[in-house]
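Scroll down for the structure; my scribbles are underneath it.
What you see is a predicted model; the values in this text were computed from it and never measured. Residue numbering restarts at 1 for every chain, and letters A, B, ... go by the order of the sequence lines.
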Number of protein chains: 2
Amino acid sequence: MDPRLLRLLDEASADTLVSADPGLVRMLTGHAGEIAFGPSPFQLPAIVVGGRASAAQLVCATDEAPEGDHVHGYPGFVVTALDPVGGARAALRSALGVAGPGRVLVDAAHVPLALADELPGATEAPAEALTRACAVKTDSEVAAVEAALRLCEAGHVAARSATAEGATELELWSAVTAAVEHAAGGRTTVMADLVSGPRTADVGGAPGTRRLEPSDLVLCDLVPRPDGIWGDSCATWAVETPPPGAEEMHRSCRAALTAGLDALRPGALAGDVDDVVRGAVRGDGFHYPHHTGHGVGFHWHEEPRIVPAGTAVLEPGMVVALEPGAYADGLGVRVECVAVVTEHEARLLSRHPLGLDPLDRGTVA
Amino acid sequence: MDPRLLRLLDEASADTLVSADPGLVRMLTGHAGEIAFGPSPFQLPAIVVGGRASAAQLVCATDEAPEGDHVHGYPGFVVTALDPVGGARAALRSALGVAGPGRVLVDAAHVPLALADELPGATEAPAEALTRACAVKTDSEVAAVEAALRLCEAGHVAARSATAEGATELELWSAVTAAVEHAAGGRTTVMADLVSGPRTADVGGAPGTRRLEPSDLVLCDLVPRPDGIWGDSCATWAVETPPPGAEEMHRSCRAALTAGLDALRPGALAGDVDDVVRGAVRGDGFHYPHHTGHGVGFHWHEEPRIVPAGTAVLEPGMVVALEPGAYADGLGVRVECVAVVTEHEARLLSRHPLGLDPLDRGTVA
């Protein structure tokens, strides 16, 4: 049994967890459900039933489920009448039967109301406890984050290669998706900010039709999800000549990122790491309105959240993205790397280029 | 008040509908929520509260909400402690207050269990009633589907242009996404099948690393969602020379599609339309294991479902995709068009190329 689930159940004096959060489903069953097309008319989201006595059980439509001992399937894509709720109810009942009797803890933010009748007397799981359960990764999960970060690199290199006066943000974005999906060998969800020029001052945004000008910055934050595990990465570069002020902002962010990576040690308090990074940028006369960082892997934003007064205590195995920024009138810079906390320090996992020079290719060939 | 909502409430003897289905949210509020990145740690899905006495109310995080009289927002992307459930509960309470007292009908497949306490005594909405409510479109909604179909065309033309011996499915796919997003002027969710060669026999699948061979078929089904409204489209073409049998299969599917479009008339029974199309293909000695078609717009698959013994009765304003296929050993063909049912017949909305000849560009420049 996963020790993270055991701890969660112990804390809540419960015997079984029921969640429809794709992150918890991935963590406890290995199943990476499709998330990119919204709710399906044919099925409910995949559900994990994690009990003390048995392996975690997966409840999902048979289209989605890998065959296996622990899968409770129901009809999905059919030409007959649709009844995903009825199917999911029966399959959940079957999974709860395997998990055995006891107190049920339910992830009520993700489990649909339609399943309430199968969960009489269930206790609502505290959201913080659920997200805390995902914070520490196993070695193979860290390796999966690293695989996602290799896609980040491919995307950043492609965006830089496509950077040229007159190119649109969307043209850079198309280069990103082509490179990421080629590197992944298949379709891959990528959340992203990709903005240029004055739009960089707005912290983020989706790529649009704006055409790059020689003195623009490009701010690119790529967050891919291969195999149900998220990576994260940000860099900011000039199209040709950095606009006035950009070099100072970029230097400040790079220094703050380095200081933050140094501060990622077991026992460190998230709020203290936030202070180090945010304070470094502020000391240079700059400012960012967002978090300093966050855990990443099962979700694109999870514990430990690196925020002012953040109470999370860093532990070995936590995977943390740090992303200091500096934003001014009509101008914004952000850099972001991911590291895993080890026994004594943190090991940098990111390798994408961070330079303001558009020709920087980092350590990628 | 939307007459489709009124009918739904009347049928259920209810006064207020609460749904977190993106399709119903789009229909009743116009809000096109983001669906592409799975559940957010910062917010619950957008929720519509539709009552008899007032305009439909939108419950969502302030990051997502357009400012407006009918929006009940709660904090989303914050650096302080996260509490999307608490925020959504309070905002839902506020929206229910505007809707006024009365019997609440809840879309329990989509509303999270965490909101149950705000919905005491609510009745679960029958799934068929919810999906039936979305079947008939207004003129402006039909125009929105047409806008989505223009993106389908751009994608199909791009995929055909990229078709060449040695190209990978993913290379065609990258051409599709670049063309669709360029035509849309922004990031756009596109669900898709894009398979080649023997993979076409499997009905569908995501693009992969397979390289095209001269005698391959390419089967491409593109389902984009600009502005919260889905389009749909399929075509099958040869890389160079169609493999033996492909022309007969393609001719059969084209003829069945034409017969199906002729059968789309007000008053027609979905099961009868299915018979016409499926029967035409079967009469040629071919077969497809999937639905003949479906409504499309608020969802990528909705009423009227064109399936064997389907009981939906066609009405003006229904937007229907028909997609006959023919699958054999190592070979598959499918063609799909979308039409809107009018007073006496159906008007074809699709314009993407359908020919087996890879150089077919349809009516698109």
Side-chain angles (χ1 to χ4, degrees), chain A residues 20-23 35-42 44-45 77 79-85 106-116 119 124 127-128 131 168 170-171 173-174 177-178 181-182 185-187 189 191-192 206-209 223 225 289-291 299-302 305 307-309, chain B residues 20-23 35-42 44-45 77 79-85 106-116 119 124 127-128 131 168 170-171 173-174 177-178 181-182 185-187 189 191-192 206-209 223 225 289-291 299-302 305 307-309:
Chain A
D21 168 35
I35 59 163
F37 310 117
S40 166
F42 294 100
L44 295 195
F77 193 73
V79 298
T80 50
L82 299 182
D83 184 21
V85 166
V106 62
D107 175 2
H110 298 99
V111 170
L113 188 54
L115 300 179
L119 301 163
E124 206 165 300
E128 314 85 64
T131 156
T168 65
L170 277 171
E171 284 165 7
W173 172 243
S174 295
T177 54
E181 297 189 329
H182 176 75
R187 286 201 67 174
T189 289
M191 195 165 68
T209 55
V223 190
R225 180 188 181 258
H290 48 73
H291 50 248
H299 308 87
W300 41 264
H301 183 109
E302 63 190 10
R305 299 182 69 220
V307 292
Chain B
D21 169 34
I35 60 163
F37 311 117
S40 166
F42 294 100
L44 295 195
F77 193 74
V79 298
T80 50
L82 299 182
D83 184 21
V85 166
V106 62
D107 176 2
H110 298 99
V111 170
L113 186 55
L115 300 178
L119 301 163
E124 206 166 302
E128 314 84 65
T131 158
T168 65
L170 277 171
E171 284 165 7
W173 172 243
S174 295
T177 53
E181 297 189 329
H182 177 74
R187 285 202 67 172
T189 289
M191 194 166 66
T209 55
V223 190
R225 180 186 181 259
H290 49 72
H291 50 251
H299 309 87
W300 42 263
H301 182 109
E302 63 190 10
R305 299 181 70 218
V307 291

### Message
A quick test of your reading: do over 12 heavy atoms of other residues, nucleotides or ligands sit less than 6.0 Å from NE2 of B:H301?
### Response
yes
Counting heavy-atom pairs under 4.5 Å with chain A, the top scorer among B:A109, B:A36, B:A206, B:A20 is B:A36
Under 4.5 Å to a heavy atom of chain A? For B:V223 that would be neither
Okay, A:E181 and chain B: the region with an atom under 4.5 Å from a heavy atom over there is both
Heaviest contributor of heavy-atom pairs below 4.5 Å to chain B, chosen from A:H299, A:E124, A:E128, is A:E124
Rounded to the nearest 0.5 Å, the CZ atom of B:R225 sits from the CZ atom of A:F37 at a distance of 11.5 Å
Heavy-atom nearest pair, B:P39 first then A:W300, reads O-NE1, 4.2 Å
Max heavy-atom pairs within cutoff under 4.5 Å with chain A, candidates B:A192, B:G185, B:G208, goes to B:G185
When every non-hydrogen atom of A:A108 is compared with those of B:P112, the smallest separation belongs to O-CB, 3.5 Å
Honestly, the part of A:P289 sitting under 4.5 Å from a heavy atom of chain B is backbone
Cut-off 4.5 Å, heavy atoms of chain A, and the answer for B:V111 is both
request  = Describe, in one word, how the ring planes of B:H291 and A:F42 are oriented to each other, choosing from parallel (under 30°), tilted (30 to 60°) and perpendicular (over 60°).
outcome  = parallel
From the list A:E171, A:E302, A:M191, the residue making the most non-hydrogen contacts under 4.5 Å with chain B is A:M191
Of B:P45, B:A81, B:A114, the largest count of non-hydrogen pairs under 4.5 angstrom with chain A goes to B:A114
| task | For B:L82 and A:T131, run side chain to side chain contact (heavy atoms under 4.5 Å, CB included): C-alpha distance rounded to whole Å, both residues' side-chain angles, the deciding distance at 0.1 Å, then the answer. | result | CA-CA 11 Å; B:L82 299 182; A:T131 156; over 6 Å; no
Residue from B:A116, B:P41, B:P308 scoring the most non-hydrogen pairs under 4.5 Å with chain A is B:P41
Output yes when a side-chain donor or acceptor of A:R305 lies under 3.5 Å from a complementary backbone atom of B:T80, and no otherwise. yes
Test side-chain contact (heavy atoms from CB on, under 4.5 Å), reference B:L113, set A:L115, A:L113, A:D107, output is A:L113
Between B:V307 and A:V79, the two heavy atoms sitting closest are CB-O, 3.2 Å
